[in-house]
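Have a look at the structure below before the remarks.
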Amino acid sequence: MAKILAFWRTISPNSSRYHCVGSNEWGEAMPIKLMFAAVALVAMARREAPATKPALVVGHKEKLDLKPAPINPAWVIQGQPWARAANHSEADDRAAATAVWDCTAGEFRWFFRWDETVVIEEGSVLVTAEDGTQRLLTKGDIAYFRGGTWATWRIDNYVRKIAFFRRPLPSPLAFAYRAGNALRRRSLGLRLHWGRLSQN
């Protein structure tokens with residue numbers, strides 16, 4: 001933690017400058033600097049945080065202890081869907097997780113707080129996304145639901161899925177992350193380009 005605080009002091013020696021967009025030192029580049037600083041702070045925090053989870057987590061889907069996971073009654077449209085869930089694993093930073101979920105017949109709306117990728121293991125479900133896209137998902141199908149969106153699920157009999165969750169980064173951090181990746185790709189491209197030129 002001391003390293004993180006020291007780093008923050010190097011980019012913001014006077015706390016009042018954090019709020020002063022017009023500062024001569026920060027100028028118009030301040031938002032960009034803050035975004036990259038935030039990414040650096042997160043990276044430093046992750047490096048300093050000791051790993052508390054094992055490097056490998058294995059569990060058979062049939063042996064996980066499914067427990068009741070009631071659907072919000074206000075979301076239920078039709079029937080009496082009964083859902084259960086079991087956690088399989090979770091990342092140290094709690095930004096990603098894997099779980100097994102099943103549900104009986106019924107129709108309901110569902111809000112995806114996180115990005116979620118599902119693999120249908122058994123049964124089927126008719127899914128209608130908030131943009132009107134409609135698909136019947138059956139055994140073996142893989143579907144992705146963007147975080148922050150609603151979908152309607154209609155289950156005629158039963159469905160069981162494996163779900164992979166990922167917490168989306170806040171927009172400024174996501175922008176900085178993409179910008180960093182773009183710079184790395186550009187740097188790699190330039191190195192390869194000059195490497196080929198030097199061989200000619």
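Index from 1, following the sequence.
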Exercise. Scan for salt bridge (Lys or Arg N to Asp or Glu O under 4.0 Å) pairs involving residues 74-91, sequence neighbours excluded, and state none if there are none.
Key: R84-D102

Practice problem: May I have all residue pairs that pass side-chain hydrogen bond (donor to acceptor under 3.5 Å, both in side chains) and include part of residues 134-153, sequence neighbours excluded? | Solution: D115-Y144, T128-Q134, T138-D141

Would a hydrophobic clustering, with Ile, Leu, Val, Met, Phe, Trp and Tyr connected at side-chain separations under 4.5 Å, put [X] with [Y]?
X: F145; Y: W110; value: yes
X: V159; Y: L136; value: no
X: V125; Y: W82; value: no

Note, [X] side chain near [Y] side chain (heavy atom, < 4.5 Å):
X: E122; Y: N157; result: no
X: I162; Y: V118; result: no
X: Q78; Y: V76; result: no

Quiz item: Got a second to check how far E107's CD is from W75's CH2, nearest 0.5 Å?
Solution: 15.0 Å

Quiz prompt | Interatomic distance, F112 atom CZ to E130 atom CD [nearest 0.5 angstrom] | solution = 10.5 Å

Quiz item: For E116, what residues pass the salt bridge (charged side-chain N to carboxylate O under 4.0 Å, His left out) criterion, not counting sequence neighbours?
Solution: K161

Practice problem: Sequence neighbours left out, what passes side-chain hydrogen bond (donor to acceptor under 3.5 Å, both in side chains) with N72? Give chain and number order. | Solution: none

Quiz prompt | Worked check of side chain to side chain contact (heavy atoms under 4.5 Å, CB included) between R160 and V119 | solution = CA-CA 9 Å; R160 179 187 180 102; V119 179; over 6 Å; no

Looking only at non-hydrogen atoms, find the nearest pair between [X] and [Y] and report the distance.
X: V100; Y: L64; value: CG2-CD1, 3.5 Å
X: W101; Y: A85; value: CD1-CB, 4.0 Å
X: T104; Y: Q80; value: OG1-O, 3.9 Å
X: P81; Y: C103; value: CB-SG, 3.7 Å
X: I155; Y: S124; value: CG2-O, 3.9 Å

Quiz item: Hey, what else clusters with I77 if you join Ile, Leu, Val, Met, Phe, Trp, Tyr whenever side-chain heavy atoms sit under 4.5 Å?
Solution: none

Quiz prompt | Nonpolar side-chain network containing W114, other nodes, edges under 4.5 Å | solution = F165

Quiz item: With distance as the sole test, does N87 use its side chain to make a donor-acceptor pair with the main-chain N or O of S89 at under 3.5 Å?
Solution: no

